[in-house]
Amino acid sequence: MAGNESINELPKAYEPSAVEEKWQKRWVEGKCFSANPKSEKPAYSIVIPPPNVTGVLHLGHVLNNSIQDILARRARQQGKEVMWLPGCDHAGIATQVRVEKQLRETEGKSRHDLGRDAFLEKVWEWKDKHGGIIFEQLRRLGCSLDWERERFTLDEDYTEWVLDVFVKLFKEGYIYRGKRMVNWCPVSLTALSDEEVIMKPQRSKLYTMRYEIVDQPGEYFQIATTRPETLMGDVAVAVHPEDERYKHLIGKMVRRPFPAAEIPIVADDHVEMEFGTGALKITPAHDLADFEIGQRHNLEVIDVLTPDGKINCPGCPELHGLDRFVARKKAAAMLEEMGAIVKVEEHENNVGFSERADVPIEPRLSMQWFLRYPATEEAIAAVENEDITFRPARWKKTYSNWMENIQDWCISRQLWWGHRIPVWYRKEKSFELREAESLDVANLNAGDLHVGVEPPEDGDNWEQDVDVLDTWFSSWLWPFATMTKVGEKSETLKKFYPTTDLVTGPDIIFFWVARMIMAGFHFEKQLPFNNVFFTSIIRDIKGRKMSKSLGNSPDPLDLMATYGADGLRFGLMRIAPTGTDVKFDETQIEEGRNFANKLYNAVRFRLMQGAVSSFATVDPATLQLSPIHIDILAKLDQLEDDLAAAYGDYQFNAVTQALYAFFWTGYCDWFIEAVKGTLREDEASWMREATLWTMDTVLSRFLHHLHPFMPHITEELWETLGYGDGSPLMQTPLLADKVLDTFDPATVLQAKTTATAVFDSVGRARNLKAEYNLASNKNVSFVLDPAEGAVINDDLLATFSLLVGAKGTEVQEGYAAEKGTPTSLTPLGALYMPLDGLIDFDAEKKRIGKEIAKVEGELKKSKGKLSSPAFAERAPEAVVNTERERLAEWESKLAQLQEMLAALG
RNA sequence: GCGCGAUUAGCUCAGUGGUAGAGCAAUGCCUUGACAUGGCAGAGGUCACAGGUUCAAAUCCUGUAUUGCGCACCA
């Protein structure tokens, strides 16, 4: 599609959807995304942060994966062998919950009705049908993922890794089982890791209760609590040992209201004297601190809650079976009735919520598997000394703080969907072993325990642990477990591990990034990635987090339908800062679409000028390039430097900004408009040739540079223009040289100066026209009294007139303008706009007066600086000289303006 | 409580010591043979505040205020 005939077939506005679909298909069919481990090219690799198998695309994914795609496409252009590996994780809780819900709704059954094996079959069915929708959506976004390498954390090979790692760590003593206080989710019915608990401030009530002192009838002791419903589990009351108010009571007994019992007052340092009454009720079963106090004082642990958060206390029938929050109110009412409540106050406290179910977690004593983290020292050092570079660097501190206070990781989950813990108990001893206070590698020797990737051969004599492993316990192996089988060093691993970049959100720095680093060091003896780029978090325009419940999260597929995938990508990248959060506004995506349209129309304009010839092999020395041509080529060269610098710093918004400004302002607003005159059919062919060559040079290189951000449209236009040799743009390497490498630098500098002078003068002339309400009048003529040394010739004057929208511009040295002629000082000289008696003296005076005021302001600033002796003495010579030059310029400008004003009478 | 950020035009944000910037919105003009998803012009900012360092501070330092996030946590 080229040449004048077909141009009418091109619609006036770019229509992305068909184009995007076409290229997505062609890239995949052409295996353009496949990584070849046998390639001689240097490797570049990224593993995708695995989305949930239940996941659907949201804007966070769009940002994250756009960045990865940009890096991957840029690396390909730079001649790297690129592997960008896709996959997802099995999302234990989320997936199980979803399938259970479906089961309940369609069959009215629970997972227990089906049994473990049958239920898991259902989950796999669900996964095959609904899982991985997000990959279709990422294809829609244009992501150049190597689809043949898609991995899933429950794949056979991957599972073998997870189990193998468990066995190794157990045998090395890093994994153990123990009865501990854990974070229990009463809705998901499983233990969670500390990282899955989110502290939220809550408006609670602080109840102050009074308990009677046993051997001092009629005397009371006051205790403050927010959780009266756990009172039945109280086994003591604690005060600070130094608290003068209570010292004499330590060791005495108080009466617990219900079920009635006598419990001791103990002394413990943990108690804050200043808070509440300075006395703390001790419920070891339902609070970590209380549990520890209980341990110190040999107190009983009375569990009064069921796993799903109901009261379990037959001795207190009023509360037994009630939900914990209902019971809280009821317990308070009961206390009130008994006269045991002294006061109730509003109180804000922090409560831990389950990340998954968004309900308050319960600290619960239970038997769980824990991991003592391996390779922590290497992991800390690698980030500290920047073997692994964090961007932005400030996340280093967050990372090291966590790493240095690292706690053992609760890795067991009371779920069915996941990697079942590869531990078997000998049947005869199974009860005893399951109840054992602790279990670790030492127990292996007794022969009653089997820990292995394979089940024991005499399976009938053994029972497997019922729990599964935390999903993150599989994700932390992602960078290498996706590349090779256990015990092998695959070609892929050798070529692409460690990976080059990891792109992820700072919210999973502990969950995933830190753990991957430790796993990388421990199992592969190498860091897993060289760079970590932390993306921004996308919020709505009001700064709120995007969420389904708020309905403030636009569907990226809708956005792509409206603005195109390219528009969405570019718009989002343009506003994505490197540091903080980004506030999303749809108008920003609209800008992305508009930019695509601008590019499309600029290409459309090029096609209207005729077919592309073999511009790439033409030696520019054989062309007669004008300063306007050289100027845009110089800007192109500058753009390439700017891009290299911005990419080097992972400053993606700076890249988009540079691309945008170059193309829209530099190429479209100035260059195209300036050369339109050279494209007229009556113009000399050498002029036309020079312009077309410049356009093709700029467009072809620009399409290249824009490609990583807007892959579809650039690919389409590259083909339409016929710039390539038939292979896709995405596989065409960047040119190593700069356009103007072979040019004389003095010529280039002169051209830039001249073009800038013309453009700036155009601005002044347009302003003159606008001030006289002549902006659209093309019959205005100008007279230029040239400045000394200004480069002016007929071509440049014609360009000037064209850009200004003037009939013509005449050069007259020492021009004696009619009194009151509108004038402006320009880099090319004094510019006059003779109006044949239409002069508005007042308007002209006002206009010049305004300019004088501006110049005087600058003059004052400049003089102020130079008049300080310290400035001349201490500032670098270059700075002082520049300032002197500026002062001289302002002074001469002021003198001329004053002359003009005087001439008005 | 500790730590990390942010505060620049009406809005969203760039700007690492030397002439305050972009896009959008708002204003006026323009449907001109690429593009109204467009063009031209103008307006709009004591760079949160107070000190300090410096010849020179939006930029570096100290403090304050407001605000966001993370960690810890007093029931």
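Because the structure is predicted, anything quoted here is derived from the model rather than measured. Chain identifiers are assigned alphabetically (A, B, ...) following the order of the sequence lines, protein sequences preceding nucleic acid strands; residue numbering begins at 1 within each chain.
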Quick check on [N]: is either OP1 or OP2 less than 4.0 Å from any side-chain nitrogen or oxygen of [X]?
| X | N | result |
| --- | --- | --- |
| A/R874 | B/rC55 | yes |
| A/W664 | B/rG39 | yes |
| A/K583 | B/rU12 | yes |
| A/K397 | B/rC4 | yes |
| A/N767 | B/rG42 | yes |
| A/N594 | B/rG38 | yes |
| A/H347 | B/rA75 | yes |

Could you tell me whether [X] and [Y] have a side-chain N and a carboxylate O separated by less than 4.0 Å?
| X | Y | value |
| --- | --- | --- |
| A/R574 | A/E591 | yes |
| A/R515 | A/E195 | yes |
| A/E362 | A/R227 | yes |
| A/R886 | A/E858 | yes |
| A/D540 | A/K583 | no |
| A/K281 | A/D234 | yes |

Work out how far the [atom1] atom of [N] is from that of [M], and round it to whole angstrom.
| N | M | atom1 | answer |
| --- | --- | --- | --- |
| B/rC11 | B/rA25 | C1' | 7 Å |
| B/rG28 | B/rC35 | P | 25 Å |
| B/rG23 | B/rG18 | C1' | 27 Å |
| B/rG38 | B/rG44 | C1' | 24 Å |
| B/rU59 | B/rA20 | P | 14 Å |
| B/rU19 | B/rC47 | P | 15 Å |

Open item on the list: Counting the atoms with a prime plus P, OP1 and OP2 as sugar-phosphate, which does A/P876 contact under 4.0 Å by heavy atoms, base, sugar-phosphate, or nothing?
Closed with: base

TODO: Look at all strands and tell whether A/N349 reaches a base, only sugar-phosphate, or nothing, counting heavy atoms closer than 4.0 Å.
DONE: sugar-phosphate

Counting side-chain heavy atoms from CB outward, which of [options] is closest to [X]?
| X | options | result |
| --- | --- | --- |
| A/V271 | B/rA34, B/rC40, B/rA75 | B/rA75 |
| A/R766 | B/rG18, B/rA41, B/rC24 | B/rA41 |
| A/K676 | B/rA34, B/rA75, B/rC40 | B/rA34 |
| A/E591 | B/rA41, B/rC55, B/rG23 | B/rG23 |
| A/N597 | B/rC55, B/rC73, B/rC35 | B/rC35 |
| A/R593 | B/rU37, B/rG3, B/rC29 | B/rU37 |
| A/F510 | B/rC74, B/rG70, B/rC4 | B/rG70 |
| A/K854 | B/rA43, B/rC35, B/rG70 | B/rA43 |
| A/T587 | B/rC24, B/rG18, B/rC30 | B/rC24 |

Look at the side chain of [X] against the base of [N] and say whether a donor-acceptor pair falls under 3.5 Å; ignore hydrogens and angles.
| X | N | value |
| --- | --- | --- |
| A/K861 | B/rA56 | no |
| A/N350 | B/rC73 | yes |
| A/E673 | B/rA34 | yes |
| A/K598 | B/rC35 | yes |

Nearest-Å distance for atom pair [atom1]/[atom2], residues [X] and [N]:
| X | N | atom1 | atom2 | result |
| --- | --- | --- | --- | --- |
| A/K769 | B/rG39 | NZ | P | 17 Å |
| A/F652 | B/rA14 | CZ | C1' | 16 Å |
| A/Q657 | B/rC24 | CD | C1' | 12 Å |
| A/L599 | B/rG38 | CG | P | 14 Å |
| A/N401 | B/rG70 | CG | P | 14 Å |
| A/F584 | B/rC24 | CZ | C1' | 14 Å |
| A/E851 | B/rG42 | CD | P | 10 Å |
| A/E272 | B/rG1 | CD | P | 13 Å |

Could you let me know what [N] is paired to, Watson-Crick or G-U wobble, both distances under 3.5 Å, or none if it's on its own?
| N | value |
| --- | --- |
| B/rU31 | none |
| B/rC60 | B/rG52 |
| B/rA25 | none |
| B/rG42 | none |
| B/rG70 | B/rC2 |

- [ ] Kindly compute the distance separating OH (A/Y211) from CG (A/L231), expressed to the nearest 0.5 Å.
- [x] 3.5 Å

Task: Nearest-0.5 Å distance that lies between atom CE in A/M695 and atom CG in A/L679 - done: 6.0 Å

- [ ] For A/A13 and for A/K850, locate the closest nucleotide of RNA chain B by heavy-atom distance; then report the residue assigned to the nucleotide nearer the 5' terminus.
- [x] A/A13

Task: No-hydrogen, no-angle side-chain donor-acceptor test under 3.5 Å, A/T882 and A/E885 - done: no

